[in-house]
Amino acid sequence: NQQVVIRATSDANFPGYGFQLRTGEFRLEKPGLAQLGSVAKSLTENAWYWIKAEAVGSTIRGKVWLDGTAEPSAWDIEVTDTTYPNAGSIGFSGESSFGEYDSLAITQTPDRANWLGRIWNYITNNPALFEDGDQFAPFPEGTGHGIFVDATSFVPSTGAGTQANY
């Protein structure tokens, strides 16, 4: 049994979220505390596998696939859990001395839910609106044609009185 742990802390119970490769299954648990999900998997001994784990807000998800095959588009396990809401360490552990790990990549997942993320999404999804030399300024204009309608809505001003909500 080998595992990759994300959002781990230094607590004596080694909390975090552990994605485990076990005989016949891929499993997510709070190590030693609770099982959060599992899916049956046919795992071949002495074969290399990729594990992709992601924690964004309260969404914890992971997938596993055999090296040399395409990454699946769907997640094997996806749960909502708020036990460890903050960033933490990553780690590896195993219940045997036969596990090996290689090719570790850590990527921060952008938070597209905050106001800056919503602006980024709007601009990248509507590039033609910003490629004609116009300047985009994320501040309310003194004329009342600002880009913020309220605390949660982003509305770009076209200057023509017509505004597009997203």
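We count residues from 1, following the sequence as given.
Across I77 and S38, no two heavy atoms sit closer than the pair CD1-CA, 4.0 Å. Heavy atoms only, all atoms of each residue included: D81 and K30 are closest at OD1-NZ, 3.7 Å. I6 and A55 make their closest contact through CD1-CB, 3.9 Å (heavy atoms, listed as atom of the first residue, atom of the second, distance).
Taken to the nearest 0.5 Å, the NZ atom of K63 stands 13.0 Å off from the CD1 atom of I51. Distance check: R27 CZ to Q3 CD gives 9.0 Å after rounding to the nearest 0.5 Å. Considering CG of D76 and CZ of R61, their distance stands at 12.0 Å, rounded to 0.5 Å. For the atom pair CG of L36 and OG1 of T83, the computed distance is 7.0 Å after rounding to the nearest 0.5 Å. The CG atom of L28 lies 12.0 Å from the CH2 atom of W75; values are rounded to the nearest 0.5 Å.
No chain of hydrophobic side-chain contacts below 4.5 Å, direct or via other Ile, Leu, Val, Met, Phe, Trp or Tyr residues, connects V64 to W50. By the rule that hydrophobic residues join a cluster once side-chain heavy atoms approach within less than 4.5 Å of another member, V39 and W65 end up as members of separate clusters.
Applying the side-chain contact (heavy atoms from CB on, under 4.5 Å) rule to T44 yields the partners A47, Y49; only residues at least two apart in sequence or on another chain are considered. Evaluation of the side-chain contact (heavy atoms from CB on, under 4.5 Å) rule for P85 yields no partner, not counting sequence neighbours.
F19 places a side-chain heavy atom less than 4.5 Å from the side chain of I60.
Heavy atoms from other residues, nucleotides or ligands lying under 6.0 Å from CH2 of W48 number more than 12.
Ring orientation note: the planes of Y84 and Y17 are nearly perpendicular, at an angle over 60° on the 30°/60° scale.
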